[in-house]
Amino acid sequence: MTNVQVAEVFDLVADILEFQGANPFRVRAYRNAARTVRDLSEPVAAIAADSERKLTDIEGIGDDLAEKIATLVETGKLPMLEKLQGEVPESVLALMRIEGVGPKKAAALHKELGVATLDELRKACQAGKVRELKGFGEKTEQAILHGIDAAKSIEVRILWADADAIAQPLCNYLRQCKAVKRLELAGSYRRARETIGDLDVLVVSPHADEVMDHLARLDDVQEVIARGGTKMSVKLQGGLQVDLRVVEAQAFGAALQYFTGSKEHNVVLRGMAKDRGLKINEYGVFRVRGKKEEYLAGAEEKDIYATLDLPLFPPELREARREFQWADEGDLPKLIELDDIRGDLHMHTNQTDGKATLKEMVEAARKCGLRYIAITDHSRRVSMARGLDPKRLRAQWRAIDRLRDELDDGMIVLKGIECDILEKGGMDLPDDVLAEADWVLASVHYGQKQPREQITERILQAIENPHVSAIAHPTGRLINRRPAYEVDLEAVFAAAKKHGKLLELNANPLRLDLNDVHCAAAKSHGIPIVINTDAHSTDQLGVMRYGVLQARRGGLTKKDVANTRTWAAMKTLLKGG
DNA sequence: GCCGTTTTCGGCCCGACTGTTTTCAGTCG
């Protein structure tokens with residue numbers, strides 16, 4: 001059983017327990033465990049199988065959960081979950097996914113009205129039965145009716161890049177309001193998560209009403225969901241929710257810290273504050289003496305952390321994974337920045353499915369400040385993209401040779417290929433051709449539904465091929481569209497380490513694989529990551545920044561990313577230097 | 001259910017908003 005599967009079991013247990021009204025802290029223990037296991041950089045199955053190690057050494061895993069994990073990885077089942085599933089039909093859990101309906105209301109609906117599905121709930125609302133329940137009313141009934149359709153459509157988190165395209169104009173618009181003195185985006189956008197559920201906008205203003213009125217007047221606002229004295233939520237035309245929060249200047253840092261999250265990071269932080277007799281909320285850090293509270297800090301984010309002798313964590317690290325441990329050890333990594341990138345080793349031209357010519361790509365790369373690039377068009381297996389056979393590939397390389405003679409500023413153009421790993425195993429181009437390349441990416445494009453063992457074996461073979469430099473987009477996922485193929489990444493990491501190969505972090509905002517957790521795992525194995533754009537047009541060279549953000553979330557430094565080096569240093573690295 | 005410890009059980013982050021109440025519970029982030 002994979003970590004993700006174990007995590008899903010624990011999440012489901014938490015859902016059911018919550019519905020049953022179990023101790024909220026017990027529910028939280030399961031949710032924490034789900035998250036911890038999901039974020040773990042190695043399989044829990046490996047830890048469970050290792051007699052030298054204990055599952056209980058994992059933070060948040062005690063004797064009970066360790067036992068359950070062991071059962072899960074051994075048998076693939078959890079008796080406790082099966083028992084719970086017998087008590088609560090799965091369709092009932094869907095009730096809790098309605099906005100405004102939590103475990104208490106869902107339980108009341110189920111118990112009092114016998115409602116077990118969303119359709120039954122709709123009928124109950126239409127019959128006016130819901131409003132008669134204690135704690136419910138007419139408005140709640142309407143809100144539920146309104147929320148049922150939304151609950152039925154799967155929650156869609158939009159790509160960070162798409163959120164960015166909405167967020168920037170929105171901020172510009174809000175800044176036009178004279179009452180806005182300071183403005184910052186917080187939330188998962190600021191933490192640069194690969195997808196964003198909503199936008200959190202934080203504003204300093206002496207006139208909250210003016211700011212809220214200003215936002216309400218925006219054409220793109222479809223609906224005002226809620227509005228109070230300091231807080232307002234609106235839904236934009238595309239469905240994205242924006243939460244606006246107005247605070248005073250002396251609370252700005254505290255609010256920014258608070259609304260940037262993550263929730264888990266904040267829980268740890270507040271716990272630490274409490275241990276010191278302090279209290280942290282969105283208004284500041286306070287010293288608590290009996291009933292009196294003394295304001296210590298709050299205007300700037302760094303002051304919040306400083307009161308706990310903590311460094312200003314980069315937002316990308318605030319996930320309560322390793323950051324507090326790093327801080328404790330004085331070993332917080334200095335994260336990679338976009339300017340550190342020197343080369344881009346994955347891009348296409350119009351010889352296959354790219355839009356631009358070789359020359360145009362080189363020119364665009366130069367404008368991006370890159371010092372070296374690899375042209376890596378598809379190999380022949382990718383017929384849809386008119387993939388290159390040896391003859392056309394060598395012709396492209398001759399064109400690169402001619403272009404090199406024209407380049408006078410030290411820009412290096414490498415002869416590369418994105419060579420397919422065939423369904424039956426083996427590379428799409430013969431070794432003698434690959435041997436002539438400066439840089440070979442190996443990719444899985446076909447046979448993505450094969451069983452785990454088969455796909456893993458194909459990739460391991462590619463890693464063992466002496467001409468292969470790196471594995472491109474190693475999991476093949478397309479965010480919100482296609483799941484990752486089944487692959488034993490631990491085995492891939494081990495092989496890459498053994499054979500001195502690199503792994504790609506594909507910067508395309510739809511791919512972004514390896515993901516943050518995988519990047520952290522690769523780093524712990526000592527495997528260099530190469531961040532590439534996979535550009536199919538000159539514009540797409542700009543996606544590099546998304547890849548860098550993902551790398552930062554994985555805790556990668558300049559040193560951990562291979563293409564921050566010169567090409568000469570990269571070559572040494574590839575030779576196992 | 002975990003954790004820490006004062007080793008056996010109490011505490012576990014904190015506040016805004018809504019709708020239902022008439023002082024607060026539920027939900028959300």
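Residue numbers start from 1 in every chain, and the chains themselves are labelled A, B, ... in the order their sequence lines are given, proteins ahead of strands.
If you check B:dG1 for Watson-Crick or wobble pairing at under 3.5 angstrom, you find it paired to B:dC12.
A close approach under 4.0 Å does occur between a side-chain nitrogen or oxygen of A:Thr230 and OP1 or OP2 of B:dC17. For B:dG11, neither phosphate oxygen OP1 nor OP2 lies less than 4.0 angstrom from any side-chain nitrogen or oxygen of A:Lys274. A close approach under 4.0 Å does not occur between any side-chain nitrogen or oxygen of A:Arg270 and OP1 or OP2 of B:dC13.
Under the 4.5 Å side-chain criterion, counting only non-hydrogen atoms from C-beta, A:Ser205 is not in contact with A:Glu210.
Taking the P atoms as reference points, B:dC13 lies 16 Å from B:dC2, given to the whole Å. Taking atom C1' in both B:dC9 and B:dC14, one finds a spacing of 24 Å when rounded to whole Å. With C1' as the reference atom, B:dT23 and B:dT18 are 15 Å apart, rounded to whole Å. When the P atom is compared between B:dG1 and B:dT5, the two are found 23 Å apart, to the nearest whole Å. If you take atom C1' in B:dC17 and the same atom in B:dC12, they sit 24 Å apart, rounded to whole Å. For B:dT6 and B:dA16, the P atoms lie 35 Å apart once the distance is rounded to whole Å. B:dT20 and B:dT27: their C1' atoms are spaced 13 Å apart (whole Å).
Residue A:Asp64 is in sugar-phosphate contact alone, with no base atom involved, counting any heavy-atom pair closer than 4.0 Å across all strands shown. Residue A:Gly229 is in sugar-phosphate contact alone, with no base atom involved, counting any heavy-atom pair closer than 4.0 Å across all strands shown. Nucleic acid contact for A:Pro24: none, since no nucleic acid atom lies under 4.0 Å from a heavy atom of the residue.
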Trace of the salt bridge (charged side-chain N to carboxylate O under 4.0 Å, His left out) decision for A:Arg227 with A:Asp213
CA-CA 10 Å; A:Arg227 177 168 173 171; A:Asp213 288 343; 2.9 Å; yes
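Interface remark: the A:Asp63 side chain does not form any donor-acceptor pair with the B:dG1 base, using a distance-only criterion of under 3.5 Å. Donor-acceptor pairing under 3.5 Å, judged by distance alone, is present between the side chain of A:Tyr258 and the base of B:dG29.
Taking the six-membered ring for Trp and the full ring otherwise, the centers of A:Tyr173 and A:His214 sit less than 6.0 Å from each other.
For A:Asp331 and A:Gln325, the side-chain atoms include no donor-acceptor pair closer than 3.5 Å.
Among the nucleotides B:dT27, B:dG15, B:dG1, the one closest to any side-chain atom of A:Asn23 is B:dG1.
Other residues, nucleotides and ligands contribute more than 12 heavy atoms inside 6.0 Å of the CD atom of A:Glu42.
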